[in-house]
Amino acid sequence: MSRLDAPSIERKWQQRWQDAGCFNADMASDKPKYYVLEMFPYPSGRIHMGHVRNYTLGDVVARVKRARGYNVLHPMGWDAFGLPAENAAIERGVHPAKWTYENIEGMREQLKSMGLSYDWSREFATCDPSYYRFEQKMFLDFMKNDLAYKKESWVNWDPVENTVLANEQVVDGCGWRSGAPVERRLLSQWFLKITAFSEDLLNAIEGLDRWPDRVRIMQHNWIGKSKGARITFQLTEVPSGADNGIEVFTTRPDTLYGASFIALAANHPLILGLAENNTALHDFVEECNRMGTSQATIEAAEKKGVDTGLTVDHPFDPAIKLPVYAANFVLMDYGTGAIFGSAGHDQRDLDFANKYNLPVIPVVLPEGEDPDTFKVTDTAYTGDGRLYNSDFLNGMTVEDGIPAAIAKLEELNSGTGETTWRLRDWGVSRQRFWGCPIPVIHCDTCGIEPVPEDQLPVTLPDDVDFDQPGNPIANHPTWKHTTCPKCGGKAERETDTFDTFFESSWYFLRFADPDPEIAFSKEAVKYWLPVDQYIGGVEHAVLHLLYSRFFTRALAACGYLDLDEPFDGMMTQGMVCHQTFKDQNGQWLFPTEVERQGEDQWVKTDTDQIVDAGRIEKMSKSKRNVVDPELIISGYGADTARLFMMSDSPPERDMEWTNSGVEGASRFIHKLWRMSSSENGIGLADLGTAMPETLDDAAKTLIGATHRTIASISEDIERFRFNRCVAALYSLSNSITDAKGDSKAQDWARRFALETLVQLMAPIAPHITEEIWENLGHDQMIAEMAWPEADPKWLIEETISIGVQVNGKLRGTIDIVPDCDKSIAEELALALPGVQKILDGQAPKKVIVVPNRIVNVVA
RNA sequence: GGGGGCAUGGUGAAAUUGGUAAACACAGCAGACUUAAAAUCUGCCGCCGUAACAGGCUUCCCGGUUCAAGUCCGGGUGUCCCCACCA
């Protein structure tokens, strides 16, 4: 057997699998189906270690499920719309499509070099009109079904780039690229009515029992259901043009008697109306608009307000008048954009009241406090207690006070019980070129008209100019000009494109059936969906996963499919991290630029300068702590990269990529290669298939260990405990090496153990195991074979060693036959010298024997 | 401010879900082979203690439940993540 040349072996087997079509999925099968999916990548140009981890995890699952008799669907595609392509166009003058498709070519080759068991016949790119034509149709169906609408909404506007910015793109109140101060603008935007499903999206989380708890909790919080009351406060004097009441939402109607003011958002319609004739208010509104919506500015901002001079009547006692303020801490897009301030029991309200000298009236008395002496000064009391200073509510608990207050509000016709949600409708309009065009037409006479279905897809123009600021489609000389499908007059196309989350919200359905004529067939979706196991980064815990759940419901409502939830099992993998390095000038260095010198010292390879070895962080280009998977694959082979990815760290936890770890994985692969070689005597000694009739103890031990390894790995794989699987593989290989005896039985046992080891390792390191398997004389590929089965009779050990404790402290061990009589174990335990010594002739008070586990003597 | 996770040797981790803590690796140390190095093989490797045994201690800290706690309960510390003027 020759030296191990991993790259050429890997190419060989990748070709064989492809020629045999091992991984192509077909609905015509009597096996149970299994759909395993990893989050598809954005084609940035090169794969990174995060991809390697994600796709290795999925591939192991897919290969094991296939071997265990499932009809497996394991597809791959490209989430191909997005900003980087536009940036490339701006920087290099290349069309985003060209850039994207070239990247896809390169990345596909890289993925193929990993030996992933994909059905490549189902591949697609979302930027292709043959994909996005269907989502344009979906959007029109959403419009018909009242699930898509256009409305004015406040956005972060970059005045230099002429585009909307996401909150994440606003840095210190300025555009991330232009550096220009961001403005708040009211803009007409398309929305998808995700809130139509709030209740269902929330309730159904309950049933997602194969999802990580933290993802479920995050979605739960994101949807954010809160129960409370909507209250109308009557204005004492109504300014001209205003409604005569102010609507307020509260979760604490029980504290109404503690109200001391009303505060409205700066962009509340009433404030905007008043600001026209009130300089102080006008300036305040301007100031708030300048602030933008970014987190940093909100946090830094001081709580401020302006007295409007208006007052409202207290709903329970019209004699009480409350002043109305405009305040910067009230949000127009949550609740009603107005609050009542209950200074005693809300910290923010208390701060505001103290600042503007408004009364603080505590109405909840903590347990054990005296109503005459209890005071709230700097810290609001938000806990439980009995209501007081509250007329008819006096004496009630907070819990009872809430419904009582609501009942009274309803009786007085000044409020109702209500539920509000944190979840907002999904704004999908983007002023971007490289996205799916929104298929509507604006006509001056007919208004908004959908593009007729026979004119789909609306495709992006090829000749675009990225040198001007703003959206290139809007700037295009002819693209947007068209005729109105209704009246035939001159009209303009919508120039906004969809948020790129639109594409990823249904791609898993398309994989079930990439038919050129329809988005997907109901039958294919019925067969393959839901995805049995979805795997990806936790950063998508809310947006992508929630949008996909919404899409499934919206598509069901439009008659596309019959499915409750898209993803039955979800697993979130941890990040791949690496140590960071900085040179003396504080510049980040690539790991390839440094080498280790002694214990904890690192130097720059070319200059020998000492470098700072910093924290272990997520691999990122900006910190240069990246390792290029291609170099690992071409150097060590994909099997090594895959094995290392699965070793040591559990998948959901962050892992550190280390050179020594890769070396370790590589060493094991070489060891396996050597073990199976002729020189060693295990590999080529084919002793036939029948187990010898007489087995010596060493052979029995090895055969038993092999069966137990099958059992433990089979279980651990199902539970994604791949690090334990790798440990078990190492152990079995150690057992093989340890069994050195020279007997027919042991030769047979070693051969059996080795073949099993190779099969068990195949999902993780598929290439080398196929090569060894072939060298061992097998014709069939492991990729086409069934998973080994553990023989139950070999799982039982002849003797086991259990611990013996005295008063809970270990004093020795005894060897027993499994399931032996308790009295035998007790007798053996009491006979131990370590136990005798402590008992010192006394009889034990009590002896607890837990069969096959432990004996505890209470002295 | 609200919600959630995590905490075990020098390091990554394991612990049959309340039953012998540290499996399997990485790093390290010693030895074998070699002219030499690499590769490979063998042995050691939680801490204190001892010449070696013996013995004691040990799962972030304090307390509790239990024959028995890394695991369950109460309190605290540290750390990471998500959300956040959310009414």
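Chain letters run A, B, ... following the sequence lines, proteins first, then strands; residues in each count from 1.
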Subject >> Rounded distance in Å - CZ (A/Phe644) to C1' (B/rC24) >> reply: 14 Å
Subject >> Residue A/Val858, side-chain heavy atoms: nucleotide from B/rC67, B/rG4, B/rA25 that is nearest >> reply: B/rC67
Original post:
Now, which nucleotide makes the Watson-Crick or G-U wobble pair with B/rC72, with each of the two distances under 3.5 Å?
Top reply: B/rG64
**OP:** Under 4.0 Å between any heavy atoms, over every strand shown, what does A/Ile217 touch: base, sugar-phosphate, or nothing? Just pick one.
**Re:** sugar-phosphate
**OP:** Look at the side chain of A/Trp222 and decide which nucleotide, out of B/rU17, B/rC26, B/rC83, has an atom nearest to it.
**Re:** B/rC83
Original post:
In the structure shown, which nucleotide is the Watson-Crick or G-U wobble counterpart of B/rA23, with both distances under 3.5 Å?
Top reply: none
Original post:
With both distances under 3.5 Å as the test, what is the Watson-Crick or G-U wobble partner of B/rG1?
Top reply: B/rC83
Subject >> Residue matched to B/rG49 through Watson-Crick or wobble contacts both under 3.5 angstrom >> reply: none
**OP:** Compute the centroid of each ring, for A/Phe644 and then for A/Tyr636, and state whether the two points are separated by less than 6.0 Å.
**Re:** no
Original post:
What does A/Arg721 touch in the nucleic acid at a heavy-atom separation under 4.0 angstrom: a base, only the sugar-phosphate, or nothing?
Top reply: base
Original post:
Which nucleotide, in any strand shown, forms a Watson-Crick or G-U wobble pair with B/rG43, with both distances under 3.5 Å?
Top reply: B/rC29
Original post:
What is the nucleic acid contact for A/Glu656, judged by heavy atoms within less than 4.0 Å: base, sugar-phosphate only, or nothing?
Top reply: nothing
Original post:
What nucleotide among B/rU40, B/rA25, B/rA87 has an atom nearest to a side-chain atom of A/Arg667?
Top reply: B/rU40
**OP:** Under a 3.5 Å limit for both distances, which nucleotide forms a Watson-Crick or G-U wobble pair with B/rG18, could you say?
**Re:** none
